[in-house]
Amino acid sequence: MPARISARSAADKLRQKGKYGTGVIDWQPLMGALVHSAYEGPLTLELMCQDNDVDRFLREAYQAGMRLEQMCREAKEN
């Protein structure tokens, strides 16, 4: 059974800024809960570049998105 995540705790954690993977959000159960929910819309992430190297920022953002996609695929298999 997927992890249950309250909307309030997820929203509180999302307010804490940082690069994907550096904050307090446990993405694996969050993505699992999302995949097993009735939600069928897109997943959008709000990104803010605080890096002088925009190319590096975009590369890291893309890689983070790919890791989230992989988590979704793995959750669907379980």
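- To the nearest 0.5 Å, atoms CD (Gln28) and SG (Cys72) are separated by 9.5 Å.
- Every residue two or more places apart in sequence or in another chain that forms a side-chain hydrogen bond (donor to acceptor under 3.5 Å, both in side chains) with Glu74 is listed here: Gln70.
- Residues forming a salt bridge (Lys or Arg N to Asp or Glu O under 4.0 Å) with Arg73 (at least two apart in sequence, or on another chain): Glu69.
- One distance of note links CZ of Arg56 with SG of Cys49; it measures 9.0 Å at 0.5 Å rounding.
- With side-chain heavy atoms closer than 4.5 Å counting as contact, directly or through intermediates, the hydrophobic cluster containing Tyr62 also holds Met66.
- Scored by the side-chain contact (heavy atoms from CB on, under 4.5 Å) test, Asp55 finds Asp53, Arg59 as partners (sequence neighbours excluded).
- Every residue meeting the side-chain contact (heavy atoms from CB on, under 4.5 Å) condition with Leu58, not counting sequence neighbours, appears here in chain and number order: Val54.
- In this structure, the separation between CE on Met31 and NZ on Lys76 is 9.5 Å, given to the nearest 0.5 Å.
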Give the C-alpha distance, both sets of side-chain angles, the deciding distance and a yes or no for side-chain contact (heavy atoms from CB on, under 4.5 Å) between Asn78 and Val35. CA-CA 10 Å; Asn78 295 325; Val35 164; over 6 Å; no

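- Scanning for side-chain contact (heavy atoms from CB on, under 4.5 Å) contacts around Asn52 gives an empty result, with sequence neighbours left out.
- Nearest heavy-atom pair, Ala75 versus Gly32, reported as atom, atom and distance to 0.1 Å: CB-CA, 3.7 Å.
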